[in-house]
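Below is one structure; the comments refer to it alone.
The sequence lines fix the lettering, A, B, ..., with proteins before strands; numbering per chain opens at 1.
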Number of protein chains: 2
Amino acid sequence: MEKYSKQREEIINLLSNTKSHPTAEEIYSILKENGSTASRGTVYRNLNQLIDKGTVIKISIQDGPDRFDYIKEKHNHIICLKCGKVFDYFYNLNENKLKKDALEQTGVEILDNTFTLNGICNDCKTE
Amino acid sequence: MEKYSKQREEIINLLSNTKSHPTAEEIYSILKENGSTASRGTVYRNLNQLIDKGTVIKISIQDGPDRFDYIKEKHNHIICLKCGKVFDYFYNLNENKLKKDALEQTGVEILDNTFTLNGICNDCKTE
DNA sequence: TTTGAAAATAGGAATGATTCTTATTTTAGA
DNA sequence: TCTAAAATAAGAATCATTCCTATTTTCAAA
């Protein structure tokens with residue numbers, strides 16, 4: 001049975017109030033700055049717990065640590081190839097066709113999809 | 001200027017003749033078994049070089065090391081959430097609409113996309 | 001309200017994938 | 001044949017993440 005913890009509340013608050021897709025290390029530092037006692041291990045453990053529950057997702061970045069996002073509404077991500085910044089992006093996929101095609105082609109029962117775009121963001125373009 | 005190396009040729013041969021999406025470690029072991037002198041460092045260095053050239057792509061797996069795929073024809077991947085196996089999958093996205101939508105929503109100039117599905121494969125279903 | 005078991009924590013050690021370093025070898029054009 | 005650039009092997013170093021252990025917190029039942 002899950003029990004309340006101050007540290008978990010702090011992590012959820014931070015994540016649900018930012019659009020910055022922070023890394024675990026960034027979450028840890030911000031909490032520290034704000035006087036939290038949370039340790040790195042606690043940050044990772046709670047993130048994984050929230051991922052299992054489905055409230056948070058992990059975004060894998062090619063060169064660099066994973067980033068985390070609190071999910072209010074389902075969406076996709078765009079990652080800048082130059083600076084690594086992550087943007088939220090809404091695109092409507094035909095999920096039923098997708099599932100059907102995948103099942104026919106490979107026999108895999110699809111539960112989820114990760115649709116990530118890569119490109120160069122505005123800030124990096126003008127440099 | 002790029003120079004020929006036996007080790008790079010071995011890596012390319014292995015990758016272009018398998019459908020198994022091996023990890024760097026698996027590539028290293030298979031080469032070793034077949035009498036190659038290639039070291040881990042050499043495997044990683046060449047994989048990254050091939051990725052830069054666009055002939056190989058890296059597939060990020062949630063829990064486990066990256067996997068590598070030689071690209072003959074553009075396609076997507078399906079990853080089994082239970083056993084981690086990677087399947088090739090062909091799905092036709094409307095890339096122009098995608099690029100236009102993304103640019104409007106975020107200002108990012110899209111160069112590439114990663115479209116990965118997750119599910120339970122046939123073998124894992126019947127267990 | 002006390003109490004005790006389950007859950008959570010801090011802090012640091014351990015792990016595992018990947019990159020880096022250095023001295024040596026190979027490649028390929030002049 | 002010679003030489004500079006590129007590549008290599010082997011292992012050290014790094015970095016993100018998980019694991020470990022002793023301690024603390026939570027919460028339901030007595």
Side-chain angles (χ1 to χ4, degrees), chain A residues 1-15 20-53 55-69 79 81 83-86, chain B residues 1-15 20-53 55-69 79 81 83-86:
Chain A
M1 172 245 203
E2 181 181 303
K3 289 187 178 168
Y4 170 85
S5 91
K6 194 164 172 247
Q7 290 83 342
R8 179 160 48 240
E9 190 178 43
E10 291 167 345
I11 293 168
I12 293 172
N13 274 343
L14 192 161
L15 259 186
S20 75
H21 310 86
T23 63
E25 186 63 28
E26 285 165 353
I27 293 170
Y28 169 72
S29 307
I30 295 170
L31 292 185
K32 265 284 143 78
E33 277 173 30
N34 297 339
S36 171
T37 62
S39 65
R40 278 192 186 75
T42 296
V43 170
Y44 278 105
R45 187 164 18 75
N46 278 293
L47 286 173
N48 284 331
Q49 201 179 274
L50 293 166
I51 288 168
D52 288 344
K53 272 178 59 183
T55 28
V56 166
I57 64 157
K58 192 197 277 187
I59 310 167
S60 294
I61 307 291
Q62 285 280 346
D63 300 294
D66 293 339
R67 298 182 162 275
F68 297 87
D69 195 7
I79 303 172
L81 290 166
C83 68
K85 210 180 294 158
V86 177
Chain B
M1 173 245 202
E2 180 181 305
K3 290 187 178 170
Y4 170 86
S5 91
K6 192 163 173 252
Q7 289 83 343
R8 178 159 48 240
E9 190 178 43
E10 291 167 345
I11 292 168
I12 293 172
N13 274 342
L14 192 160
L15 260 186
S20 75
H21 311 87
T23 64
E25 186 64 27
E26 285 165 354
I27 294 170
Y28 170 72
S29 307
I30 295 169
L31 291 185
K32 265 284 144 78
E33 277 173 29
N34 297 339
S36 171
T37 63
S39 64
R40 277 190 186 78
T42 295
V43 170
Y44 278 104
R45 186 164 19 74
N46 278 293
L47 285 172
N48 285 330
Q49 201 179 276
L50 293 165
I51 288 167
D52 289 343
K53 274 178 59 182
T55 28
V56 165
I57 64 159
K58 192 197 278 187
I59 310 167
S60 294
I61 308 290
Q62 285 279 348
D63 300 292
D66 293 339
R67 298 182 162 274
F68 299 87
D69 195 8
I79 303 172
L81 291 166
C83 68
K85 212 181 292 158
V86 178

- Message: Rounded to whole Å, please give me the gap between CD1 in Ile12(A) and P in dA8(C).
- Response: 12 Å
- Taking CD1 from Ile11(B) and C1' from dA9(D), how many angstroms apart are they, rounded to a whole number? 13 Å
- Applying salt bridge (Lys or Arg N to Asp or Glu O under 4.0 Å), name anything that partners Lys3(A), two or more places apart in sequence or on another chain. none
- Item | Length of the CD-P vector between Glu10(A) and dT9(C), whole Å | 10 Å
- Note on the structure: Across all chains, not counting sequence neighbours, the side-chain hydrogen bond (donor to acceptor under 3.5 Å, both in side chains) partners of Ser5(A) are none
- Can you sort out the partners of Glu33(A) under salt bridge (Lys or Arg N to Asp or Glu O under 4.0 Å), two or more places apart, ordered by chain and number? none
- Within residues 26-37 of chain B, residues whose heavy atoms come under 4.0 Å of DNA chain C: none
- Message: For a quick test of reading the model: is some side-chain N or O of Gln7(B) closer than 4.0 Å to OP1 or OP2 of dA9(D)?
- Response: yes
- Item | Counterpart residues, salt bridge (Lys or Arg N to Asp or Glu O under 4.0 Å), relative to Arg40(B) (two or more places apart) | Glu25(B)
- Query: Residues two or more places apart in sequence or in another chain: which of them pass side-chain hydrogen bond (donor to acceptor under 3.5 Å, both in side chains) with Lys32(B)?
  - Reply: Tyr28(B)
- Query: Out of curiosity, Ile61(A) CD1 to Leu81(A) CG, how far, rounded to the nearest 0.5 Å?
  - Reply: 10.5 Å
- Within residues 30-49 of chain B or reaching into it, pairs that qualify as ring-ring contact (aromatic ring centres under 6.0 Å, His included) - sequence neighbours excluded: none
- May I have the distance from Glu9(A) (atom CD) to dA8(C) (atom C1'), rounded to whole angstrom? 15 Å
- By side-chain hydrogen bond (donor to acceptor under 3.5 Å, both in side chains), Ser29(A) pairs with (sequence neighbours left out) none
- Note on the structure: Scoring nucleotides 15-30 of chain C by protein non-hydrogen atoms under 4.0 Å (B base, S sugar-phosphate only, - none) yields --SBB-------BSS-
- Query: Between dA9(D) and Thr42(B), is there an OP1 or OP2 to side-chain N/O distance shorter than 4.0 Å?
  - Reply: yes
